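Values below: every heavy atom of this structure, side chains too, minus hydrogens, waters and symmetry copies. Quick caveat, the model's predicted, so the values are computed rather than measured.
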Number of protein chains: 2
Amino acid sequence: MNPELSLQLDDQLCFKLYAASRAVVRAYKPMLDELGLTYPQYLVMLVMWEWHQAAPEQATVKALGTRLMLDSGTLTPLLKRLEQQGLLIRQRSTSDERAVNLQLSNQGVQLRERVIPLKAQLICESGADLNELDELRAQVGGLLERIAPMLGY
Amino acid sequence: MNPELSLQLDDQLCFKLYAASRAVVRAYKPMLDELGLTYPQYLVMLVMWEWHQAAPEQATVKALGTRLMLDSGTLTPLLKRLEQQGLLIRQRSTSDERAVNLQLSNQGVQLRERVIPLKAQLICESGADLNELDELRAQVGGLLERIAPMLGY
DNA sequence: CGCAATTAAATTGCACACAATCTAAATAAG
DNA sequence: CTTATTTAGATTGTGTGCAATTTAATTGCG
């Protein structure tokens with residue numbers, strides 16, 4: 001049986017992706033624990049830091065959802081937790097009362113410094129080859145871009 | 001800044017993996033809905049079908065956890081749901097009262113027939129290149145194997 | 001043999017994901 | 001202008017993931 005049509009677990013790209021994704025999140029966990037962040041919260045902060053330098057005013061729940069492919073059902077409670085931790089501020093937009101604007105607190109801005117060394121540390125510990133990782137990132141990205149349109153992104 | 005140390009979301013392999021994994025699960029969802037399975041339940045069934053032909057007696061919660069890298073906290077409720085749906089039977093092992101043996105019901109065995117066409121359908125809809133997918137699967141698998149030992153697998 | 005350490009599941013609690021529904025606000029159409 | 005539609009968030013409910021704890025059974029060791 002050719003692997004494309006096999007039902008063997010090890011032949012499933014979907015399982016490898018699922019397992020690898022969870023494994024990477026677990027690898028990040030000890031480091032993120034020290035910052036008091038979960039992995040999805042970390043991704044939100046990455047986007048907020050990115051926007052903080054480029055275009056802080058674009059930061060809304062909607063825009064964050066588009067960027068991370070998450071809906072308000074996931075983001076609303078997550079953002080409330082980040083707000084309670086004092087990392088960001090949520091407030092209704094005055095120009096469009098439907099939208100909720102997000103901005104980093106000073107504490108939120110400062111947290112970035114502690115995140116910078118994380119990635120290098122993880123790559124170092126894993127002993128992975130940088131070029132390989134880069135290539136893999138491009139390929140997984142390619143897969144994502146082929147699947148996303150099927151799902152309306 | 002070289003991508004290896006960038007904090008840009010798009011430079012993060014971890015995010016690509018996370019997003020791609022969720023996207024693939026969503027792509028499976030409409031098809032799995034018709035079978036009444038969630039994606040993790042589908043993975044459990046794949047393993048059970050595999051073992052059914054090779055070594056049915058090895059099927060325990062522990063073995064399933066090792067194969068899928070999931071613990072009893074996730075599997076116990078999931079397996080109870082599969083049992084309630086009549087797809088499998090859970091029963092304490094007589095030789096080792098700590099272990100719970102799992103076996104497919106007739107209905108569980110038969111469900112496999114309806115799963116066989118799913119993968120071909122998904123690949124077809126995605127318009128993905130088979131050789132590319134195969135290579136990607138191998139590479140993601142390679143990443144997984146490098147990370148897994150760091151996490152005690 | 002007898003007890004400590006280990007092991008397999010189950011349970012509890014928390015934080016996602018995501019579908020479905022609801023509310024309020026903004027926009028489009030007539 | 002007024003109603004219909006669309007849009008942004010919030011809410012509710014279900015099902016994972018996973019850490020931590022608990023229970024019961026088994027194994028290891030002296």
Asks: Quick one: does B/Ser72 reach the base of C/dA10 with a side-chain donor-acceptor pair under 3.5 Å?
Replies: yes
Asks: Quick one: is B/Arg81 getting a side-chain N or O under 4.0 Å of the D/dT16 phosphate, OP1 or OP2?
Replies: yes
Asks: Excluding sequence neighbours, so at least two apart, what forms ring-ring contact (aromatic ring centres under 6.0 Å, His included) with B/Tyr28?
Replies: B/Tyr39, B/Tyr42
Asks: Go nucleotide by nucleotide along DNA chain D from the 5' end; which of B/Leu70 and A/Pro77 gets its closest nucleotide reached first?
Replies: A/Pro77
Asks: Can you check whether A/Arg98 has a side-chain N or O nearer than 4.0 Å to OP1 or OP2 of C/dC22?
Replies: no
Asks: Mind calculating the distance between CZ (A/Arg26) and P (C/dC16) to the nearest angstrom?
Replies: 17 Å
Asks: What's A/Thr60 touching, base or sugar-phosphate or nothing? Going by heavy atoms closer than 4.0 Å.
Replies: sugar-phosphate
Asks: Does a side-chain N or O of A/Arg92 approach OP1 or OP2 of C/dT23 to a distance below 4.0 Å, or not?
Replies: no
Asks: Taking only N and O in the side chain of A/Thr76, is any of them less than 4.0 Å away from OP1 or OP2 of D/dA10?
Replies: yes
Asks: Name the nucleic acid region contacted by A/Asp96, choosing base, sugar-phosphate or nothing; use a 4.0 angstrom heavy-atom cut-off, strictly under.
Replies: sugar-phosphate
Asks: Determine the contact category for B/Leu75: base if any of its heavy atoms lies under 4.0 Å from a base atom, sugar-phosphate if only primed atoms, P, OP1 or OP2 are that close, otherwise nothing.
Replies: nothing
Asks: Could you tell me the separation between the CG atom of A/Asp71 and the C1' atom of D/dT12, rounded to a whole number of Å?
Replies: 13 Å
Asks: Under 4.0 Å between a side-chain N or O of B/Lys80 and OP1 or OP2 of C/dT11?
Replies: yes
Asks: Which part of the nucleic acid, if any, lies within contact of A/Ser95, taking any heavy atom under 4.0 Å across all strands shown: a base, the sugar-phosphate backbone alone, or nothing?
Replies: sugar-phosphate
Asks: Just call it for A/Thr38: base, sugar-phosphate, or nothing, with non-hydrogen atoms closer than 4.0 Å on any strand.
Replies: sugar-phosphate
